[in-house]
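Values reported hereafter were calculated over all heavy atoms of this structure, with side chains retained and with hydrogens, waters and symmetry mates removed. In what follows, every chain begins at residue 1, and chains take the letters A, B, ... in the order their sequences are listed.
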Amino acid sequence: MDKKTVIQTLEAIATYMEIKGENTFKVSAYKKAARALETVPETLDEIDEAVKLDGIGKGTASVIEELKATGRSTLHDELAASLPDGLLPLLKLPTLGGKKVGKLYQELGITDIATLRQACVDHKIQDMPGFGVKSEEKILAAIEAFNTRPERISIAVASKAADYIYEQLKKMSGIIQFELAGSLRRVEETVKDIDWIIATEHPEQIKDQLLQLDGIAQVIGAGDTKVSIELGIEDLVVGVDFRLVTNGEFASALLHFTGSKEHNVKLRQLAKERGEQVSEYGVFNKENGETKVFETEEDFYHHFDLAYVPPEARLGKDELVAIKDQKPYPSVADIQSDLHMHTVWSDGAHSIQEMAHAAAEKGYTHIAITDHSQYLKVANGLTEERLKEQHQQIKELNNSLDIHLLTGVEMDILPDGQLDYPDEMLKDIDFVIASIHSSFQQKEEVIMSRLKSALFNPHVDLIAHPTGRLIGRREGYAVNVKQLIKWAAESGTALELNASPQRLDLKAEWIKLAVESGVPIAINTDAHHKDRLAYIQYGVGIARKAGIPIDSIMNTWSKERLITYLKLEKSKRFK
DNA sequence: GCCGTTTTCGGCCCGACTGTTTTCAGTCG
């Protein structure tokens, strides 16, 4: 039994119950349990007692345990026997929720997408109470588009779309200020749509301009405070929501629509205990009937004597703390170096000098040049001779540059566990990264023994993108991350938080565990182009999500401190 | 179904928008 199946089973139970008209809180309890399971990084086997997880209680835990033990869930099977399973996907269609799907099933005998589609074509839907001509049209249109677009898009793709929208908004007139909100602002790995908050005195004027944006595929809704569209950008259709508020309401709205939902719920509960009510328009005081608005999100938190929480950390867990208990979150300004990047020597786009200049412009004091090693022929990996030549050049450049370059390499861990260069070669390199780029399909034992050989090599300083995943595109190889972290701690090898939005590898939950295990983290962009050095912001965002201290991030260390660290034997590095 | 420095019962965030109504239910975030 794998975790994904358990999550899907819990979700299916919730959906069946929704259609049956079960108590909504019961329904959401099952949904919440599915999310709780999804959020913890452990595999199913690694979770000892599911009931201990936040959001999982006796009832949902028993479903999980039964699935683990027998591979089946009695509750699920009973529900499935009472309703056609073709009904489940119907809830993904717009305008259809549990109540309406239940009605369609009971009154029209609709059992799946196909019968629903036929009912639309036969115009049977529009005569149902609660439905109408427009509902029928919308449902039919959505069925035709079903499966042609993904439910969630990766942060990398969404960020590109957001950049485009940002440029459009900048050009509009009548906007006082605007900002990205939602899961993209929280640096979630995947997002469903892109949310923006716009402060304006003239919502009508903004609305008109928004509805004239290039590339609108469909207008979902256009009210006084909300414009919701589907935007075609290149070959992608992405949902975009704009909220129009007054400037006074801006901070409250931004907070509200940044979420997460769970974070908002916690804030609202807290407010309620104080006799106040939180909405996207501010904080309503039930005693004096006044609604307080705030200049900034920070002011909002401080109103409740809470420390500011950056968007990435708004998880609805334990991030709400009193001002006096504020712990500093890492920010891009703390970053002094980038320790993984490529140049034209292998598959990068720029020379060493160009990368160095770009890094210096970002205010970095030092960087590591880490081109690919010889095994990676497709990336023009460097032979021992070329690597030595490159390092010679780097040493010479250090005399003329105002940023310090560390000699480095991103060395392949070969399919048989051998490293791509001999120790004799590695011992003179300032910063040695090891990583896997081949034979992804190997069994976990093989992958782990490859990683182990790199971790326990005396010269390997860092394991880059440890799981090899590409968000939304590739799962990565079979890594036991807990074991990897344990070995990293034992061997004195740091782990990477690859900041590329395609990777974000390791993910936040693992980064947290690594730091708790005493392993320092390097947030690196792995940039193959100088513009990609900007990806550092995503990595720092994930670090904030992980809630790790600034000092656990190697890139925040001064050049001197890093060099001293790297000169230590690995066994003496982690203290 | 879950949860608990007002606890083992009685709450569970709050509001917008749409399409259907003729004052509101359902959906959505």
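For dA16(B), one of the phosphate oxygens OP1 or OP2 lies less than 4.0 angstrom from a side-chain nitrogen or oxygen of Y281(A).
You'll find that the side chain of A29(A) is closest to dC2(B), out of dC2(B), dG15(B), dA16(B). Comparing dT6(B), dT20(B), dC14(B) against the side chain of K272(A) picks out dC14(B) as the nearest. Here dT18(B) is the nucleotide among dC14(B), dT18(B), dC17(B) with the atom lying nearest to any side-chain atom of K138(A).
Within the 4.0 angstrom heavy-atom criterion, only backbone atoms of the sugar-phosphate kind lie near I56(A); the bases stay farther away.
H263(A) and R268(A) share no side-chain donor-acceptor pair at under 3.5 Å. In this model, no donor atom of one side chain and acceptor atom of the other lie less than 3.5 Å apart for T525(A) and R532(A).
Using a 4.0 Å cutoff on non-hydrogen atoms, the parts of residues 58-74 of chain A near DNA chain B are K58(A), G59(A), T60(A), ordered by number. Of the residues in residues 310-321 of chain A, not one comes within less than 4.0 Å of DNA chain B through any heavy atom. A heavy-atom distance below 4.0 Å to DNA chain B is reached by these residues of residues 7-28 of chain A, ordered by number: F25(A), K26(A).
In this view, H303(A) and F294(A) satisfy the ring-ring contact (aromatic ring centres under 6.0 Å, His included) rule, not counting sequence neighbours. Partners of F284(A) by ring-ring contact (aromatic ring centres under 6.0 Å, His included), not counting sequence neighbours: none found. Scanning for side-chain hydrogen bond (donor to acceptor under 3.5 Å, both in side chains) contacts around D208(A) gives an empty result, with sequence neighbours left out. Applying the ring-ring contact (aromatic ring centres under 6.0 Å, His included) rule to F250(A) yields no partners; only residues at least two apart in sequence or on another chain are considered. For I216(A), the side chain to side chain contact (heavy atoms under 4.5 Å, CB included) partners are L213(A), V219(A), I229(A), L231(A), not counting sequence neighbours. For the ring-ring contact (aromatic ring centres under 6.0 Å, His included) test, residues two or more places apart in sequence or in another chain that qualify with H465(A) are H437(A).
For dT8(B), there is no paired base (Watson-Crick or G-U wobble, both distances below 3.5 Å).
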At under 4.0 Å between heavy atoms, how does the protein contact nucleotides 23-29 of chain B? Give one character per nucleotide, 5' to 3', with B, S or -.
---SSSS
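The side-chain hydrogen bond (donor to acceptor under 3.5 Å, both in side chains) analysis of residues 91-102 of chain A, with sequence neighbours excluded, yields the pairs K92(A)-E151(A).
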Table please: side-chain donor-acceptor pairs of residues 120-132 of chain A below 3.5 Å, with sequence neighbours left out.
residue	atom	partner	partner atom	Å
D122(A)	OD1	Q118(A)	NE2	3.1
D122(A)	OD2	Q118(A)	NE2	3.4
H123(A)	ND1	Q126(A)	NE2	3.3
H123(A)	ND1	E136(A)	OE2	2.6
Q126(A)	NE2	E136(A)	OE2	2.9

Could you please spell out the steps behind the ring pair (Phe, Tyr, Trp, His ring centres under 6.0 Å) verdict for F300(A) and Y308(A)?
CA-CA 8 Å; F300(A) 193 104; Y308(A) 174 74; over 10 Å; no
